[in-house]
Every structure is written in structure tokens, then in C-alpha cells.
Protein chains: 2
Amino acid sequence: MNEHEKIFIDYLKRSDLKYTRPRQIILNIVFNNPSHFDVETLYDQIRRNNRDVSRATVYRTMPLLVKSGLIKQSLRCQAKDQYENVSDQDHHLHLVCNNCGKIIEINSSELENRLRSLAEVHKFKILDFSIGAQGLCRKCSNKRDKETKS
Amino acid sequence: MNEHEKIFIDYLKRSDLKYTRPRQIILNIVFNNPSHFDVETLYDQIRRNNRDVSRATVYRTMPLLVKSGLIKQSLRCQAKDQYENVSDQDHHLHLVCNNCGKIIEINSSELENRLRSLAEVHKFKILDFSIGAQGLCRKCSNKRDKETKS
DNA sequence: ATAAATATTGATAATGAGTCTCAATTTAGT
DNA sequence: ACTAAATTGAGACTCATTATCAATATTTAT
Ligand SMILES: [Mn+2]
Ligand SMILES: [Mn+2]
Ligand SMILES: [Zn+2]
Ligand SMILES: [Zn+2]
């Protein structure tokens, strides 16, 4: 029983929900994955591991993991919602390349604190951040420059 | 012929595109709307004004307006992409209430500049920002507190 | 232990935003 | 007017996500 499991079970208990086999399987695969993932990919992983959980249950379990504080909804990429492991890195922002989909993560508590204090002024209670930018990564930016020249 | 029209026509000319009736109608409704809108709502507006433009054309015109610099993709709300009028306020960030959907806009070029310089380090070419947070607005936060007490 | 109430699941249908196709129409240039 | 290129509308289509519902499992009350 690892830390994640403890947290999840605790949340489920508090909410009168049960730690079932499918939820256990999902939890495990989520934390054997790179931090960023979308639900379809997760579902594939589960089936690749010869586990059997229905797609519906996988989707249904995401909000539970979110409410337990283990994962958070992160960015949206290629028309899919992405989640990410919260514990990995504390707070960071994303630079998403429009061309190749690459995601650059940058740690900066400074931006976040600044945003927090701006929200304070409006008595707005922040539950989640989304700081980021879309554009072109170095590679794609260079590539495009060359194409334009020719 | 207003400023928006000038800018749009100029962009279209530069791109060998034509300023057609449907594009004119869309442009007008976009700039008679509150700054934030999603395409479905825009499409409804157009039909409510007894104009006839196909849904496909409305969707198709969005990227043109974006490239012309008149609007930008803003936040995502209720599973729909939102656009917003660029000229209204220059740069600002969004606090979105998870409960009532209210959007609070905050002007701050400071955060943006900071983000820009962080991206610079990675030679990442920023095309668009999204700085914001989700949570509870003052009203909804208060309401929830009361409910919890009872 | 039994029965009733509640929670969970999987299969599958449904929804809905956004995209694609293609034949018909419009436009700009000659 | 003639031609080539651009545009349009209607509707088919995709695909992520949600809703439905009957079957199953678990908890609680008796
Ligand atoms: Mn991340
Ligand atoms: Mn705004
Ligand atoms: Zn790239
Ligand atoms: Zn609110």
C-alpha cells in the first residue's frame, strides 16, 4: 500500500465510495505513467496490461482522482483533455508547440504567487491554475523559418 | 467601413482571399457581441438576426479572424472553445468560476511579460497566451460556506 | 442469515463540438 | 462572356465524453 493508494482510499472513505478492483487498477496505471496523459491513452495502457476495465469506468474515475487531490486537469492538447500527476512537480506552467505537440514545462512559483495575489483582490478562491502559452518550439520555429525563405 | 472591417479586408487581400457577404455578416455579429463567445453561440446570433450563413462557414471564418489579429482563442468553458475580441482590452487574464461560470478579467501586462521572458529562455516562440485560474467567485464561495455550516 | 437499500460496473447508445466532402455558386481577371 | 480559382451550404462524419440501464456487488437493517 503506497502513498497514493492511502490518499485515494482515504478520499473514497470520506465520500462513502468503495475502493474496488477497477479503481485500484486505474490508480496503479495512472502512477506508472508519464505525468501527462489523456483518458483514451490511459484506457489503452490498461488494456495493454491485460487488465479489464471498461472505458466508462475509466472516465468515471478521473473526477474521483481529481477530487482526491492526486491528479489535476492540466492542458488541452489535440482535442483531448489532459490530466497530470500533481505530486510530481509542484507548480509549473506549459509551453505547448502548435506544430509538433511538444510540451515544455517550466517551474515558476513566482507567476503563481503573483496570480494568487491578484485573485485575492477579487475575493476569488483559486482551486486550480492554468498558466501557459501556445506557439512554436525552437525546432518547429527554425523549420518554419527555413521553409519561408525557400 | 469601420476599423475592424479595414483590418479584416486588409488581411484577406494580403492572403488572396475575398471579402464576401458571409464573412461580412460574421464580422459584424462578432463585433456586436460581448467580447467572449463560442462558435455555436455566434451561429445562433447570426440566425437570430435573420442572416443566413452556414455553420461550416462560421467555423471556417474563425481562423481567418484570428490570423487577421481581430480575435484570439481565449479560454475553454463548458466544453467549448471561446474566442474573444482582441482590441477591447489589451492583455488580461481570466478567473473562471467553476460554479456559476462567471468570468472575471484582470489586466496585467506584468504576468505576461514575465511569461514571455521565461519562454525566451527556451527559444519558444509564443503565439498565444492563456493565463488564468479556476475556482469560486466571491458569491459562490460564500454560498458554499453557508451550505457547509448548515 | 436474509432482505432491502445503495453503489458499481460494463456494454452500448447518445450527445455535441468540430471537421471534411463535394457539388453548386460566386468572384476576379482576361 | 469565358475561365480558373475561391467560396459556400448541406449534410455526412469523427471522436471525445456523457448518459442509460440492466446486471452485479456491497453495505446496512432486521
Ligand atoms: Mn505539466
Ligand atoms: Mn477576456
Ligand atoms: Zn514543435
Ligand atoms: Zn460563481
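Convention: sequence-line order gives letters A, B, ...; per-chain numbering from 1. Keep in mind that what you see is a predicted model, and the values were worked out from it rather than measured. Any value given below was found using the heavy atoms of this structure, including those in side chains, with hydrogens, waters and symmetry copies removed.
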So, A:D38 and A:T41: side-chain donor and acceptor under 3.5 Å apart, yes or no?
yes
Should the pair B:K6-B:D10 be classified as a salt bridge under the 4.0 Å nitrogen-to-oxygen rule?
no
Does a side-chain N or O of A:R55 approach OP1 or OP2 of D:dT17 to a distance below 4.0 Å, or not?
no
Five-pair end axes of the helix from C:dA1-D:dT30 to C:dT30-D:dA1, angle between them (10°):
30°
Give the residues of residues 62-78 of chain B touching DNA chain C, defined as any heavy atom closer than 4.0 Å, sorted by residue number.
B:R76
Rounded to whole Å, the NZ-C1' distance (B:K13 to C:dG29) equals 15 Å
Would you call B:R116 and B:E112 a salt bridge, taking side-chain N to carboxylate O under 4.0 Å as the test?
yes
Summarise protein proximity over nucleotides 22-30 of chain D in one line of letters, 5' to 3': B for base, S for sugar-phosphate only, - for none, counting protein heavy atoms closer than 4.0 Å.
----SS---
5'-most contact on DNA chain C: A:T61 or B:Y19, nearest heavy atom basis?
A:T61
Specify the separation, in whole Å, of atom CZ of B:R47 and atom C1' of D:dG9.
13 Å
Mind calculating the distance between OH (B:Y43) and C1' (C:dG16) to the nearest angstrom?
14 Å
Using a 4.0 Å heavy-atom cut-off, does A:V53 contact any base of the nucleic acid, only the sugar-phosphate backbone, or nothing at all?
sugar-phosphate
Atom CG of B:D52 and atom C1' of C:dT25: how far apart are they, to the nearest Å?
14 Å
To the nearest angstrom, the CG-P distance between B:L12 and C:dT27 comes to 14 Å
Heavy-atom donor-acceptor pair, B:S141 side chain to B:C137 backbone, under 3.5 Å:
no
Just say parallel, tilted or perpendicular for the rings of A:H4 and A:F31, cut-offs at 30° and 60°.
parallel
Any donor-acceptor N/O pair, B:S68 side chain to B:L65 backbone, under 3.5 Å
yes
Please verify the inter-ring angle class for B:Y11 with B:F8; under 30° counts as parallel, over 60° as perpendicular, anything in between as tilted.
parallel
Is any side-chain N of the basic residue among A:E110 and B:R114 closer than 4.0 Å to the acidic one's carboxylate O?
yes
Using only heavy-atom distances, determine whether the side chains of B:Q82 and B:H94 contain a donor-acceptor pair under 3.5 Å.
no
How is B:A56 classified with respect to the nucleic acid when contacts are heavy atoms under 4.0 Å: base, sugar-phosphate, or nothing?
base
Is it true that a side-chain atom of B:R76 and a backbone atom of B:A79 form a donor plus acceptor pair closer than 3.5 Å?
yes
Going by side chain to side chain contact (heavy atoms under 4.5 Å, CB included), B:V30 matches just one of B:N33, B:L27, B:I26. Which one?
B:I26
With a cut-off of less than 4.0 Å, is there a side-chain N or O of A:S54 near OP1 or OP2 of C:dT9?
no
Charged N to carboxylate O below 4.0 Å: is that the case for A:K80 and A:E40?
no
What is the separation between atom CG on B:D44 and atom C1' on C:dA17, rounded to the nearest whole Å?
13 Å
In whole Å, I'd like the distance from the NZ atom of A:K80 to the P atom of C:dA17.
20 Å
Is there a side-chain contact between B:R60 and the phosphate of C:dC20, meaning an N or O under 4.0 Å from OP1 or OP2?
no
Looking across every strand, which nucleic acid part, if any, lies under 4.0 Å from A:D38 by heavy atom: base, sugar-phosphate, or nothing?
nothing
With a 4.0 Å limit, can you tell me whether B:Y59 has a side-chain N or O closer than that to the phosphate oxygens OP1/OP2 of C:dG18?
yes
Starting at CD of A:E40 and ending at C1' of D:dA16, how long is that distance when rounded to a whole Å?
6 Å
